[in-house]
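Input: a single structure, listed below in structure tokens.
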Amino acid sequence: MQSDPLSEQFRLFLDTLDTGSFSAAGRLHGLTPSTVARRIDALENSLGCQLVSRSTHAIKPTTAGQVFAERARRIVQELQLVRAEVTSLQNAPRGRIRIDAPAPFGRRHLAPALAEFLQIYPEVDIQLRLIDSFVDLRGEHLGEVDLVLRIGPLADTRLVATPLAPMVRVVCASPDYLARRGVPLNVSELPTHDGLDWDALAPPHAWRFEHDGKRQLLRPRRMRMIANNAEALLSGTLAGLGIAHLPTWLIGDHLLRGDLLPLFCEHGLPPPEPSGIYALRLTREGDSRSRLLLEFLKSRFGPVPPWDQALQSGLGVG
């Protein structure tokens, strides 16, 4: 967007005052000293008053010139702001972003973040599908979505993965269950308790703990509920069926309210798992809308997710 003549005229006048010289102002604007002098004369004639006093040593403002300079600076600044706003609107992202995400995480965390993003970028639309099964982006669904959120280890794929947040998993149980069965003092006691677990597609890092100097798989022997849905496991844990090993993004609010009690967290939250929460897309470049959303989600969810920050503060750990 080109500068308007009025703005340029005001800038030339202000630069003349700031430099105290027609020659110096001319160099800033690519003009000869005589051209600068003629334009200042034209400005004075249009206003009907003298703005500068000329001498062989310097150009100085008159009283009227000082008053006019103050107003002119504000006008130039306002014009700069208006120009920046118009340019921003012209370059603002627009169009639709299609996203698939796991339903539990999508309801709790992604949907509120997307609503905030849409308020910031009013020309962008989002089509969100909350699902409980994976979509094969390499197959027939390749062109149907722009971003897919995945939680946990990623399969070997030609898709580009952007980490959004780390994943922390906490062993937990309801106060009712622990009152009935007792509180396990260390992970070696987990096999003596009832539990809830994922089905055959269990996360590879679940129920794995450092014990006796090595990483071991330690979990309840009797699983009262096995499910392929995080919210189903949460419901069973809240009902007192047993001990579960669930991610903090799912149970954070329940831990803070005391609906669930964290186990083995005396020294803080467990370290993040090697895998976390990712956004997948077909190419590293992608479109500007998707790249903008990725940067927004990375800042919203990382490097320490807000649900983990709340736990560290509310539970006095970390």
Next item on the list: List the steps and the verdict of salt bridge (charged side-chain N to carboxylate O under 4.0 Å, His left out) for Arg73 and Asp18.
Entry: CA-CA 12 Å; Arg73 289 189 195 279; Asp18 292 340; 2.7 Å; yes
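Panel note: side chain His109, backbone Trp249; a donor-acceptor pair is recorded below 3.5 Å. A donor-acceptor contact shorter than 3.5 Å is absent between the side chain of Gln216 and the backbone of Phe209. For Glu44 (side chain) and Leu51 (main-chain N/O), a donor-acceptor pair under 3.5 Å exists by modelled atom type.
Of the N and O atoms on the side chains of Trp207 and Asp197, at least one donor lies less than 3.5 Å from an acceptor on the other residue. Side-chain atoms of Arg281 and Thr162 include a donor-acceptor pair closer than 3.5 Å. Side chain to side chain, Thr248 and Asp308 meet the donor-acceptor criterion of an N or O pair below 3.5 Å. Judged purely by distance below 3.5 Å, without hydrogens or angles, the side chains of Thr19 and Ser21 never pair a donor atom with an acceptor atom.
Clustering ILVMFWY residues whenever any of their side-chain heavy atoms sit less than 4.5 angstrom apart, transitively, puts Leu17 in a cluster other than the one holding Val67. Criterion: ILVMFWY side-chain heavy atoms under 4.5 Å apart, direct or through other members. Under it, Ile243 and Leu185 are not part of a common hydrophobic cluster. Linking Ile, Leu, Val, Met, Phe, Trp and Tyr residues whenever their side-chain heavy atoms come within less than 4.5 Å leaves Val304 and Phe301 in two separate clusters. Note: the hydrophobic cluster containing Ile59 also contains Leu47 (ILVMFWY, side chain heavy atoms under 4.5 Å, direct or indirect links). Residues Phe22 and Leu28 are members of separate hydrophobic clusters, defined by side-chain heavy-atom contacts under 4.5 angstrom among Ile, Leu, Val, Met, Phe, Trp and Tyr.
A distance of 11.5 Å separates CG of Leu31 from OG of Ser23, quoted to the nearest 0.5 Å. To the nearest 0.5 Å, atoms CD (Glu266) and CZ (Phe264) are separated by 8.0 Å. Put simply, CD1 on Ile251 and OG1 on Thr237 are 8.5 Å apart, with the number rounded to the nearest 0.5 Å. We find the CG-OG1 distance between Leu43 and Thr16 to be 10.0 Å, quoted to the nearest 0.5 Å.
Side-chain contact between Leu269 and Gln312: present, with at least one pair of heavy atoms (C-beta onward) separated by less than 4.5 Å. Put simply, the side chain of His205 reaches to within 4.5 Å of the side chain of Pro274, judged on heavy atoms. Looking at heavy atoms from C-beta onward, Leu261 lies in side-chain contact with Leu178 at the 4.5 angstrom threshold. Side-chain contact check for Phe117 versus Ile97: some heavy-atom pair is nearer than 4.5 Å. Counting heavy atoms from C-beta on, the side chains of Arg300 and Glu116 come closer than 4.5 Å.
Salt-bridge formation is detected for the pair Arg54/Asp41: a Lys NZ or Arg NE/NH1/NH2 atom is positioned less than 4.0 Å from an Asp or Glu carboxylate oxygen. Salt bridge status for Asp15 with Arg11: absent, with no side-chain N to carboxylate O gap under 4.0 Å. Taking the charged nitrogens against the carboxylate oxygens, Arg108 and Glu231 do have a contact shorter than 4.0 Å, which makes a salt bridge.
Between Pro305 and Ala165, the closest heavy-atom pair is CG-CB, 4.0 Å. In terms of heavy-atom proximity, Ile277 sits nearest to Pro166 at CD1-O, 4.4 Å.
Residue-environment remark: CZ (Arg71) stays at or below the threshold of 12 foreign heavy atoms within 6.0 Å. Applying the 6.0 Å contact sphere to CZ of Arg221 captures no more than 12 heavy atoms from other residues, nucleotides or ligands. Summarising the local packing, CZ of Arg39 is surrounded by 12 or fewer heavy atoms from other residues, nucleotides or ligands at distances under 6.0 Å.
Taking the six-membered ring for Trp, Tyr121 and Phe296 have ring centres at least 6.0 Å apart.
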